[in-house]
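Below is one structure, written out as structure tokens; comments come after it.
Excluded from the calculations below are hydrogen atoms, water molecules and symmetry mates; all remaining heavy atoms, backbone and side chain alike, are included.
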Amino acid sequence: MAQFKAGLSKIESAHAKKLLQDLEIENREAHRQKAKAYLFDKQKAWMKHVNILKELTMLNQLRASVFDDDISKNPRGQILEPGFRVIFPIMQ
């Protein structure tokens with residue numbers, strides 16, 4: 001981790017600086033708290049049937065977008081290997 005942080009500190013990118021800042025110990029707890037709050041909000045929202053349907057619709061759209069992505073248009077076949085392995089359940 002020390003070597004990774006040292007490498008990040010040499011990069012001028014704003015993204016590298018942000019990642020380096022986020023890796024600091026005091027920020028880890030802040031991120032942990034944000035994650036807990038997010039999960040709490042989701043659990044509360046999922047108590048309503050309509051919110052579950054919204055999430056499933058969004059997940060289905062994301063699933064479909066994977067097939068359209070450039071990485072899935074490999075000349076040797078799709079990255080999701082249809083017919084071999086089911087990565088996502090089929091929505092009905």
Side-chain angles (χ1 to χ4, degrees):
M1 184 57 88
Q3 201 174 9
F4 181 65
K5 286 180 179 181
L8 274 178
S9 68
K10 295 175 185 171
I11 300 172
E12 293 299 318
S13 161
H15 298 290
K17 291 184 186 322
K18 174 73 171 123
L19 178 56
L20 187 59
Q21 179 186 12
D22 288 346
L23 289 172
E24 296 305 319
I25 291 173
E26 61 270 8
N27 284 333
R28 289 186 207 167
E29 187 56 35
H31 288 296
R32 193 172 284 117
Q33 292 303 320
K34 283 182 187 177
K36 283 181 182 180
Y38 175 80
L39 287 174
F40 177 78
D41 290 344
K42 284 295 179 187
Q43 288 171 338
K44 199 165 85 173
W46 291 339
M47 295 179 116
K48 293 183 180 176
H49 186 258
V50 67
N51 292 332
I52 294 173
L53 291 177
K54 285 179 188 177
E55 292 280 334
L56 285 173
T57 301
M58 184 214 38
L59 288 172
N60 196 42
Q61 290 168 346
L62 289 172
R63 177 187 181 268
S65 74
V66 171
F67 286 102
D68 295 331
D69 196 272
D70 286 342
I71 199 168
S72 193
K73 294 178 182 169
N74 187 311
R76 293 185 290 174
Q78 287 194 336
I79 194 169
L80 297 178
E81 306 171 32
F84 172 69
R85 179 174 28 165
V86 177
I87 303 294
F88 303 110
I90 295 176
M91 301 288 286
Q92 296 181 4

Taking only residues two or more places apart in sequence or in another chain, which ones pass side chain to side chain contact (heavy atoms under 4.5 Å, CB included) with [X]?
X	value
Lys18	Gln21, Asp22
Lys36	Arg32, Gln33
Ser13	Ile11, His15, Ala16
Gln3	none

Exercise. So how far is it from Leu56 CG to Lys54 NZ, rounded to the nearest 0.5 Å?
Worked result: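 Leu56 CG to Lys54 NZ: 13.0 Å, rounded to 0.5 Å.
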
Exercise. Who pairs with Glu12 by side-chain hydrogen bond (donor to acceptor under 3.5 Å, both in side chains), at least two apart in sequence or on another chain?
Worked result: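 Glu12 satisfies side-chain hydrogen bond (donor to acceptor under 3.5 Å, both in side chains) with no residue once adjacent residues are dropped.
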
Problem set entry | Any pair counted as side chain to side chain donor-acceptor pair (under 3.5 Å), so long as it reaches residues 40-51, sequence neighbours left out |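 Residue pairs passing side chain to side chain donor-acceptor pair (under 3.5 Å), neighbours aside: Lys42-Glu55.
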
Problem set entry | Crowding at CE, Met47 (>12 non-hydrogen neighbours, <6.0 Å) |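 No, the 6.0 Å shell around CE holds no more than 12 heavy atoms from other groups.
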
